[in-house]
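These numbers come from a predicted model, not from an experiment.
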Amino acid sequence: MKINVIKKKASNSTTALMGVMLFVLIIIVLRQNQVFFNSKPHNSFIISTPHAISRHNYNHEVEKSKSIINCNRSQYSYDICSINGPTIFDPFKSTFYDMGSTNNNETNIIVEKIKPYPRKWENFTMGQIKEFTLTKGPIGPNCLIHHKAQALVFSLGGYTGNFFHDINDGFIPLFITVNSLFPNQDFILVISKLEDWWVHKYKDLLQSFSKHPIIDIDKEINVTHCFPKVTIGLMSHGFMNIDPKLTPTPKTLIDFHKFLATTYGTVQGQGQSQLQLQLQPQSQHRPRLVLASRGDSIGRLILNQDELKLVAEHIGFEVILFEPSKTTSLHESFGLIHSSHAMIGVHGAALTHALFLRPSSIFIQIVPIGAEGVSDICFGKLAREMKLVYEEYKIEVEESTLMEKFGKGDNLVLKNPKALQEKGWSQEIMDIYLREQNINLDLNRFRMYLEKVYQNAKKFMAING
């Protein structure tokens, strides 16, 4: 009987020991799993919060993940940040507060800063861009204006006023961002460094993106706004480029052209502008050539432009001089260029209007000495992506007024500008090639280009009208 009692006690002790060992084993496994999951690498879309917020319990983790701040800083030309939940904007501090925050515990505070302009590599330009803060932790101010639509925030503080930059740094990145992040979604444009003339010039294009009134964020000094979500920054694929591989639904510059056609396809307004006065009822036999003129601009003028126009007309073109300004109606510009068959001009911002040309129409860029690289990056690439019939006319040294200043024998400025530019595209070098240089075209040589353009324009006209 005594022996039996001892055996029972031993059996109970063994069972207890096995239970303890099983409990310890479970703890070890759980810790290993925790190490494994914490060590998994993050993807390229940088999450701001994992190591910034103290962790108390599972419920707190779930609540935190619903109001996370995201910033993607992996791109060369832009940063983009967002608060994926309700947010309050305090204009006095240029700060977006996550409305999920309910306390001032300093251990829970997260702060991200961003300058929403897609030229991140350019320090001088980015120095002019207003910085915004996204924060989680401190309690934000009371909200005065509630919005049902999310906000898209960006700045115009860079090169606003130059048509190339308005498109390259503004509307193409806006088109990419909307099609990447907001397809078929409602949003409000919230813009820094907004100017009245800019809104007037682009109002129809802006309304094509969003029907809501634009919020001029710099004027809202004493007004707080609430949004269900906010994204700050614009995405860019490089100079005058939309990469179909980088958008969820493949988009190209031709899609951007179609978007422009939807906006500017009909001429609006009363009265006749100078552009309209130039237009005659289009001949059934004369293709229309748009000659982009730099007018009173500094540098890259065609000094024998009148003679060039006569040569083109003698070949058979209807020639329209196009000299756009800040006040030129984009409806009229689009109507002129979209109805034309060919466009010619010296490298400069006005050639951005080549986006208005129909695919397969003809485009010739006159390339000054020393502007070969920038000409291809800005407009050669555009022409190829737009499926235009494109050629470059690279001027000879004798056609450049730089020869008068530096002499024909100069081996660096005129003969080898690439070697000079390898030292850096400084303001001094840019001034030489883009501001101090004008052009006297060799009309005998250029006539051969025009005759080829004419034949291609006739073919295009026969097919497309």
Side-chain angles (χ1 to χ4, degrees), residues 162-164 273-280 282-283 286-328 332-333 336-337 339-354 356-357 361-372 374-375 378-380 383 388 390-405 414 431-454 456-457:
N162 178 294
F163 186 61
F164 171 81
S273 68
Q274 290 299 313
L275 276 180
Q276 290 170 318
L277 289 171
Q278 288 190 70
L279 295 177
Q280 302 297 325
Q282 192 162 324
S283 167
R286 299 178 65 205
R288 177 179 291 162
L289 170 67
V290 173
L291 176 55
S293 172
R294 291 184 59 79
D296 297 327
S297 301
I298 299 175
R300 288 164 285 152
L301 305 178
I302 300 177
L303 300 179
N304 54 348
Q305 177 177 277
D306 292 341
E307 292 86 344
L308 170 61
K309 182 174 183 290
L310 290 174
V311 169
E313 289 174 339
H314 185 264
I315 288 172
F317 281 110
E318 175 197 0
V319 181
I320 305 296
L321 287 180
F322 177 60
E323 189 178 329
S325 68
K326 284 184 179 181
T327 59
T328 301
E332 293 172 8
S333 298
L336 166 66
I337 295 170
S339 65
S340 299
H341 309 96
M343 181 176 179
I344 289 177
V346 180
H347 170 78
L351 297 191
T352 310
H353 291 85
F356 296 172
L357 288 167
S361 57
I362 295 83
F363 177 44
I364 288 189
Q365 179 176 200
I366 300 171
V367 181
I369 298 291
E372 294 83 357
V374 70
S375 293
C378 294
F379 303 116
L388 302 176
Y390 172 68
E391 284 197 43
E392 292 180 344
Y393 177 86
K394 296 181 180 180
I395 71 169
E396 302 286 354
V397 171
E398 290 78 10
E399 295 173 276
S400 171
T401 58
L402 290 179
M403 191 177 69
E404 301 169 6
K405 180 175 181 179
L414 292 176
D431 285 346
I432 290 173
Y433 293 115
L434 300 185
R435 296 174 66 87
E436 298 176 13
Q437 179 175 201
N438 291 315
I439 296 168
N440 261 308
L441 286 172
D442 180 342
L443 293 179
N444 290 326
R445 177 172 173 247
F446 195 71
R447 184 185 183 96
M448 293 186 291
Y449 279 77
L450 283 178
E451 289 173 346
K452 183 177 180 180
V453 169
Y454 179 76
N456 286 328

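- A donor-acceptor pair under 3.5 Å is formed between the side chain of Arg300 and the backbone N or O of Leu434.
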Residues His353, Val290; criterion side chain to side chain contact (heavy atoms under 4.5 Å, CB included); working and verdict: CA-CA 10 Å; His353 291 85; Val290 173; over 6 Å; no
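- Under the side chain to side chain donor-acceptor pair (under 3.5 Å) criterion, Thr352 pairs with no residue, sequence neighbours left out.
- Of the options Thr401, Val346, Leu301, Leu402, a side chain to side chain contact (heavy atoms under 4.5 Å, CB included) to Ile439 is made by Val346 and by none of the others.
- Between the side chain of Arg294 and the backbone N or O of Gly299 there is at least one donor-acceptor pair closer than 3.5 Å.
- Phe164 places a side-chain heavy atom less than 4.5 Å from the side chain of Cys378.
- Take Glu404 and apply the salt bridge (Lys or Arg N to Asp or Glu O under 4.0 Å) test, not counting sequence neighbours, and it matches no residue.
- Residues satisfying the side chain to side chain donor-acceptor pair (under 3.5 Å) criterion with Lys405, sequence neighbours excluded, are Glu436.
- Ser400 contributes no side-chain N or O that, together with a main-chain N or O of Val397, makes up a donor-acceptor pair within less than 3.5 Å.
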Just list the side-chain donor-acceptor pairs under 3.5 Å for residues 362-372, sequence neighbours left out, or say none.
residue: Gln365; atom: OE1; partner: His347; partner atom: ND1; Å: 3.0
residue: Gln365; atom: NE2; partner: Ser375; partner atom: O; Å: 3.2
residue: Gln365; atom: NE2; partner: Tyr390; partner atom: OH; Å: 2.8
residue: Glu372; atom: OE1; partner: Gly370; partner atom: N; Å: 3.2

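- Annotation: side chain to side chain donor-acceptor pair (under 3.5 Å) contacts of Tyr454 (sequence neighbours excluded): none.
- Under a 3.5 Å cut-off, the side chain of Ser293 and the backbone N or O of Gly295 do form a donor-acceptor pair.
- The distance from the CG atom of Leu308 to the CG atom of Leu289 is 8.0 Å, given to the nearest 0.5 Å.
- For the pair Phe317 and Val453, the minimum side-chain heavy-atom distance is below 4.5 Å.
- Applying the ring pair (Phe, Tyr, Trp, His ring centres under 6.0 Å) test to Phe446 and every residue at least two apart in sequence or in another chain returns Tyr393.
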